Amino acid sequence: MAASETQLYVDKHVAYIKSLGDNKDDLTYHMTAHLRMNAIYWGLTALCIMGHKEALDREEMIDFVMSCWDDEAGGFGAHPDHDAHLLATTSAIQILVTHDALDRVDKARVARLVILSLQQPSGVFAGDSFGEIDTRFSYCAVNSLSLLGCLSDLDVEKTVSYIRACRNYDGGFGNCIGAETHAGQVFVCVAALAILDRLDEVDHETLGWWLAERQLPNGGLNGRPEKLEDVCYSFWCLSAMSILDKLSWIDSDKLISFVLSAQDSEGGGIADRPGDMVDVFHTHFGIAGLSLLGYPGLIDLDPVYCMPAHIIEAMGLRKGWKALPRRKT
Amino acid sequence: MHGARRTRQTPEAIAARKQREQSKLKDYLSLTEDVIARRKKSDWSKDSFDLTTRVLQINPEFYTVWNYRRNIMSYGLFVESSPESINDLLSDDLSMTTMALKAHPKVYWIWNHRRWCLENVPDGPGDSHDWKKANWNRELAVVEKMLDADARNFHAWNYRRYVLANMPERRPEAAELAYTTRKIEANFSNFSAWHQRSKVYTSLWESGQLNREKSIRDELELVKNAMYTDPNDQSAWLYHRWLIGSGNDREILESEITAIEELLEEQPDSKWCIESLVHYKRLLIKNHSAEFGAEQTKGLLSQCVSFLLQLQTLDPPRRNMYQDIVDTLSAT
Ligand SMILES: [Zn+2]
């Protein structure tokens, strides 16, 4: 380990994540209800990676997920009585898979009537019936269908052709045709292509170079050229790099130090960058990134599904990504 | 949360803040309870519409309420309305979301709602398309304001491309080229504007409005300016790579290599100069080595290798990348 003075404050982060549900007298808690399902997925996955899956009650969590089922639209909302959306549906499926509780949903119904019905003639997916399109939603669909065991129902060529049309000359991908390359969209497109065994659509050297150039002198990675570094962008680059086996192309010691420096050493949690307010989103992506970087004591993360690797492996879904070897100290 | 500074609060301060927020919280919870209850009853009244306005003004991320608002319009307010009042309603919503975007420029749901409004504006009045034209034309002004506030906001750039591609009276694409020139001249490191420029040119070439070879020569001049202004700025170098593309034009490739070598003499430690030289010399080998023979190819290869070794010292975080390229070159 480099001469970094900081360490990962696992106990503090576990306590922070556990405390998130105790803020019901806080305005912010209610103002973020539209993200609740995602937040639970982020919190649960971060806990799993830190080896503290049991810190949140399994039954309570599964009950919450099921209470967000929107029977009319067919799909999960972010919160009870919120509309179904592909983002929340993906998080719900990921949570259920992590808790080995996928038998609670009608898999075929979710796959066919919900997810596949959102595919547009162009091949991209919409987030819901209102029709916003984004390659993020293509990833959500591919990821969910794969976890549901229904990938064979998908028109792969049509799905891939839209992603291909979003590729830019820098090797990266945007959120729709014509859009600028963005690290988050690079992650979703590369991970979707990995699930579909279509990484031949990626210019590995050019994209690897673009991703490596995201690292800034302070060790953090940005999401686009000439922008600031950020823990979440660092993760999106890292996951794509591990899928392309290019993690050695950046300075991992410096990146580990950057992520650690964004921790709140007192209250727990990780922020977008040092000195900022923590949130569960950056806490999750910070810890997930550290796992890929081989940080000692963490559980392996699967960068394709962004879930614990052993779960994906047990389902027979592991793709050929490579993380850095787990460090001893 | 992005960019919010952390402040250490004492338990007393937190308790005091929560106390202060009590009434706000109570109001918000009763508003959301009310709106959710009405939505369940498929209440498409004007009263409920106004309620969604209040909730969304407090919380523009509440996507379910945006959905409900659109349903109230589609299934309620629009049903008995004249095209004129539909136009008024949608124009009001466009104004409301302009305000919302000023405060929350990166909220996806607001941008989405705007698209929906725009797409539902009736043609009129009468047989004309004036309402539609007026609303779509106004969008460009709005998105320009958004890009003045944050020239890298990708939501705004995506929206801009969407408006330009779908407005009833298309603007000549050359106007968009002029817009990106303005943006780039204001700030050379605005990669979003360079990106947009690459898309506009591609379209102008495909439609035969501009001559590709001529534009590329002009653009190489512009980008050279940017490279000389700040040789460490990635934006110009990336755009330069796009202009060169796969490097089929040997003459351009060689003259650009010479130009970069000149810049390197002034800036001997410029990583981007060296990195680009490696890239372009590799393209020269890949596309043209049959023309100039084995000896010169060997020379180019060894130049690339020594540049890559130099890069390993100049840019240590990425030294393994440079080494991997050395290994690839040695294998050929
Ligand atoms: Zn972030």
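Values reported hereafter were calculated over all heavy atoms of this structure, with side chains retained and with hydrogens, waters and symmetry mates removed. Since this is a predicted model, take the numbers as computed values, not measurements.
Between chain B and the options A:A78, A:G267, A:G77, heavy-atom pairs under 4.5 Å are most frequent for A:A78. Taking chain B as the reference chain and counting heavy-atom pairs below 4.5 Å, the highest number among A:D83, A:L228, A:D134 is found for A:D83. Ranking B:H2, B:K199, B:K18 against chain A, the residue ahead of the rest is B:H2, based on heavy-atom pairs under 4.5 Å. Each of A:R224, A:H282, A:H85 has some count of heavy-atom pairs under 4.5 Å with chain B, and the biggest count is that of A:R224. Among B:I325, B:T7, B:L29, the residue making the largest number of heavy-atom pairs under 4.5 Å with chain A is B:L29. Options A:V278, A:L255, A:D251, A:T181 differ in how many heavy-atom pairs under 4.5 Å they form with chain B, and the most are formed by A:D251. Each of A:M277, A:H30, A:E213, A:H82 has some count of heavy-atom pairs under 4.5 Å with chain B, and the biggest count is that of A:E213. Ranked by heavy-atom pairs shorter than 4.5 Å toward chain A, the options B:R115, B:H279, B:R70 are led by B:R70.
For the residue pair B:Y28 / B:N59, a side-chain donor-acceptor distance below 3.5 Å is found, with atom types taken as modelled. No side-chain donor from either of B:W237 and B:E275 sits under 3.5 Å from a side-chain acceptor of the other.
In this structure, the portion of A:D279 lying under 4.5 Å from any heavy atom of chain B is its side chain and not its backbone. For chain A, the nearby parts of B:L238 are the backbone and the side chain; heavy atoms of each come within less than 4.5 Å. Proximity to chain B involves both the backbone and the side chain of A:D264, based on heavy atoms less than 4.5 angstrom apart. Only the backbone of A:P274 comes within contact range of chain B, with heavy atoms under 4.5 Å apart. Residue A:E205 touches chain B through its side chain alone, counting heavy-atom pairs closer than 4.5 Å. Heavy-atom distances place the side chain of A:A271, and not its backbone, under 4.5 Å from chain B. Heavy atoms closer than 4.5 Å to chain A are found in the side chain of B:S198, but not in its backbone. Heavy atoms of B:E21 lying under 4.5 Å from chain A belong exclusively to its side chain. For B:N67, the parts lying under 4.5 angstrom from a heavy atom of chain A are both the backbone and the side chain. Using a 4.5 Å cut-off between heavy atoms, B:R17 contacts chain A through its side chain alone, with no backbone atom that close. With a 4.5 angstrom heavy-atom cutoff, B:R8 touches chain A only via side-chain atoms. Residue contact with chain A, scored on non-hydrogen atoms closer than 4.5 Å, involves the side chain of B:K271 exclusively. For A:A33, no part lies near chain B; criterion is any non-hydrogen pair under 4.5 Å. Only the side chain of A:H182 has a heavy atom closer than 4.5 Å to any heavy atom of chain B. For a residue to count as touching a neighbouring chain, one of its non-hydrogen atoms must lie under 4.5 Å from one of that chain's; by this rule B:W272 touches chain A with the side chain only.
Judged by distance alone, with hydrogens and angles left aside, the side-chain atoms of A:T206 form no donor-acceptor pair with the main-chain N or O of A:D170 at under 3.5 Å. A donor-acceptor pair under 3.5 Å is formed between the side chain of A:K254 and the backbone N or O of A:P217. Checked by atom type and distance alone, the side chain of B:R161 pairs as donor or acceptor with a backbone atom of A:G178 at under 3.5 Å. At distances below 3.5 Å, at least one donor-acceptor pair connects side-chain atoms of A:N168 with backbone N or O atoms of A:A179. Distance alone, capped at 3.5 Å, is enough to place a donor-acceptor pair between the A:H13 side chain and the A:G269 backbone. Counting only distance, with no hydrogens or angles, the side chain of A:N222 and the backbone of A:K227 share a donor-acceptor pair below 3.5 Å.
Using cut-offs of 30° and 60° for the angle between ring planes, the B:W116 and B:H113 rings count as parallel.
Legend: residues meeting side-chain hydrogen bond (donor to acceptor under 3.5 Å, both in side chains) with B:T180, ordered by chain and number and at least two apart, are B:R197.
A ring-centre distance under 6.0 Å is not found for B:F62 and B:W66. If you look at A:Y139 and A:F187, their ring centroids are closer than 6.0 Å.
The residues A:E180 and B:R152 are annotated as salt-bridged, a charged nitrogen and a carboxylate oxygen being separated by less than 4.0 angstrom.
For the ring-ring contact (aromatic ring centres under 6.0 Å, His included) with B:W111, the lone residue among B:Y159, B:Y162, B:F154 that qualifies is B:Y159.
The cationic atom of B:R160 (NZ for Lys, CZ for Arg) lies less than 6.0 Å from the six-membered ring centre of B:Y179 and within 45° of the ring axis. A cation-pi arrangement is absent between A:R273 and A:F258, since the terminal nitrogen or guanidinium carbon is not both under 6.0 Å from the aromatic centre and inside a 45° cone about the axis. Seen from the ring of B:W109, B:R69 does not count as a face-on cation partner, given the 6.0 Å and 45° thresholds.
At a heavy-atom cut-off of under 4.5 Å, chain A is reached by B:S189, B:F191, B:S192 from residues 186-193 of chain B, listed in order of number.
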